[in-house]
2 protein chains.
Amino acid sequence: MRNEHQSKIESFYSANKRMPSYSEMTKLFGFKSKNAVFRVVEKLIDAGMVAKDHLGRLVPTQAFGEVPMLGFITAGLPATVEEELLERVNLDDMLIQKKASTYMLEVDGDSMIDAHIEKGDMVLVERANTAKDMQIVIAEIDGEFTMKYFRKEGNKVWLEPANKKYQPLYPEHSLNINAVLKAVIRKY
Amino acid sequence: MRNEHQSKIESFYSANKRMPSYSEMTKLFGFKSKNAVFRVVEKLIDAGMVAKDHLGRLVPTQAFGEVPMLGFITAGLPATVEEELLERVNLDDMLIQKKASTYMLEVDGDSMIDAHIEKGDMVLVERANTAKDMQIVIAEIDGEFTMKYFRKEGNKVWLEPANKKYQPLYPEHSLNINAVLKAVIRKY
DNA sequence: AGTATAAGTGAACGCTCGTTCACTGTCAAC
DNA sequence: GTTGACAGTGAACGAGCGTTCACTTATACT
């Protein structure tokens with residue numbers, strides 16, 4: 001098998017969050033000698049499936065945390081999809097820029113439904129105390145927290161839902177931005 | 001500083017996808033002796049910010065690939081959010097079960113808009129050749145690819161959009177499932 | 001049968017790892 | 001001023017690392 005070894009390393013990596021040593025790989029692959037592993041790894045390196053850093057240690061490359069990005073799918077009328085590998089993306093790197101100030105919340109309620117954010121969705125937000133007009137924010141208005149469009153015209157600020165059922169919220173005392181929306185994640 | 005060291009290790013980790021060795025940390029922290037690092041790491045371990053595996057090597061723990069999950073945000077009427085740390089989630093582990101058969105596509109078109117999937121969204125799908133009624137799938141119908149609800153009643157199968165503008169698609173010759181939808185990701 | 005190629009074993013190498021120890025400097029408490 | 005805790009230095013250790021070498025076994029080609 002070509003990448004049977006590769007996938008064993010991958011599962012070790014996602015279980016242990018680090019690469020296995022050569023002696024660990026002897027057990028992984030069922031070899032009795034580190035040299036056998038050494039030769040296997042050499043081929044994996046040639047195939048670009050794994051890499052080594054400046055001093056001998058294995059480091060994960062493409063296809064470890066990364067997922068292939070195959071192009072576009074037309075959700076309208078059917079069309080031939082270009083199913084060729086465009087690139088690979090790491091979900092973490094793609095979604096998280098400032099790790100220290102990023103957190104997640106689960107959405108309850110339906111006031112952002114016209115922005116296609118529904119109950120049960122997970123939102124990835126980044127702490128901030130300012131936002132631009134029309135950004136979606138987590139904000140504290142008169143002491144209570146909510147997720148809405150942030151609106152700003154001149155020196156007037158208010159919050160606006162994405163649902164005609166609800167009214168815009170004008171702060172009586174305070175409107176403090178807590179975080180701005182960076183991504184929405186919905187699991188099926 | 002309490003976790004100035006911690007965050008230096010974190011940035012090393014996200015840049016190199018592995019933990020630094022003690023000698024690398026001397027450079028990272030500006031020490032001249034490995035022993036100084038050793039003592040710092042000891043404290044980080046006590047604080048639960050980092051861990052060691054069965055034989056001395058550092059392994060990433062909480063707060064490396066993980067993002068804090070702070071609870072619910074009400075998108076309807078404002079409410080006090082419980083801003084306490086409920087748990088930490090790793091995006092990769094949360095979204096990807098079978099890594100080898102998972103890939104991503106960018107959505108074009110608006111036929112799934114009533115399922116709150118819009119143009120520009122990224123969909124994470126898992127290769128499969130069967131699906132249950134009402135699952136969202138990537139399918140090939142009469143030679144062309146599209147994303148729709150998969151419908152099955154008795155031995156009749158067809159595809160259904162989530163947009164009243166479009167009609168259900170009944171296969172003339174073939175309907176092959178390519179993948180089933182696992183997650184939707186929208187970046188802002 | 002004979003030989004070349006590939007794949008695995010087992011022992012050895014030097015090097016870096018994590019850890020330990022004895023020592024030096026700094027600051028605060030008494 | 002002495003003492004004690006704390007933080008950093010520098011040298012040393014045994015262990016495990018990645019790598020190399022010589023040897024064996026199996027498969028395939030003449």
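Just so we're clear, the structure is a prediction, and the values are computed from it rather than from any experiment.
When rounded to the nearest whole Å, the span between CZ of B:Phe29 and P of D:dT9 equals 13 Å. Atom-to-atom, CZ of B:Arg57 to C1' of C:dT19 comes out at 15 Å; the value is rounded to the nearest Å. Between the CG atom of A:Asp53 and the C1' atom of D:dT19 there is a distance of 15 Å, given to the nearest Å. Straight-line distance from the CG atom of B:Leu58 to the P atom of C:dC17: 13 Å, rounded to whole Å. Per the geometry, CZ belonging to B:Arg18 stands 14 Å off P belonging to C:dT16, to the nearest Å. Computed from coordinates, the B:Met19 CE to C:dG18 P distance equals 11 Å when rounded to whole Å. Between the OH atom of B:Tyr22 and the C1' atom of D:dG8 there is a distance of 16 Å, given to the nearest Å.
A:Arg39 comes within contact range of at least one nucleobase, with a heavy-atom separation under 4.0 Å. Here B:Lys34 lies in heavy-atom contact (under 4.0 Å) with a base.
For B:Phe38, whose side chain is taken as the heavy atoms from C-beta onward, the closest listed nucleotide among C:dT20, C:dC17, D:dC17 is C:dT20. Of the candidate nucleotides C:dT9, D:dG8, D:dA7, C:dT9 has the atom lying nearest to any side-chain atom of A:Lys32. Among the nucleotides D:dG8, D:dC17, D:dT20, the one closest to the side chain of A:Asn35 is D:dT20. Candidate nucleotides C:dT20, D:dT19, C:dT19 were compared by shortest atom distance to the side chain of B:Lys52, and C:dT19 ranks first.
Taking side-chain N and O atoms only, B:Ser23 has a distance below 4.0 Å to OP1 or OP2 of C:dC17. One finds a side-chain N or O of A:Ser21 lying less than 4.0 angstrom from the OP1 or OP2 phosphate oxygen of D:dC17.
A salt bridge does not link A:Asp133 with A:Lys152: none of the charged nitrogens is closer than 4.0 Å to a carboxylate oxygen.
No donor-acceptor pair under 3.5 Å is formed between the side chain of A:Asn163 and the backbone N or O of A:Ile113. Side chain of A:Asp142 to backbone of A:His173: a donor-acceptor contact under 3.5 angstrom is found.
When each of B:Asp93, B:Asp92, B:Asp53 is checked for a salt bridge (Lys or Arg N to Asp or Glu O under 4.0 Å) with A:Lys17, only B:Asp93 meets the rule.
Evaluation of atom-type donor-acceptor distances gives no pair under 3.5 Å for the side chain of B:Ser33 against the base of D:dG8.
With DNA chain D read from its 5' end, the first of the two nearest nucleotides for A:Glu24 and A:Glu42 is the one closest to A:Glu24.
The shortest heavy-atom contact between A:Asp121 and A:His116 is OD2-O, 4.0 Å.
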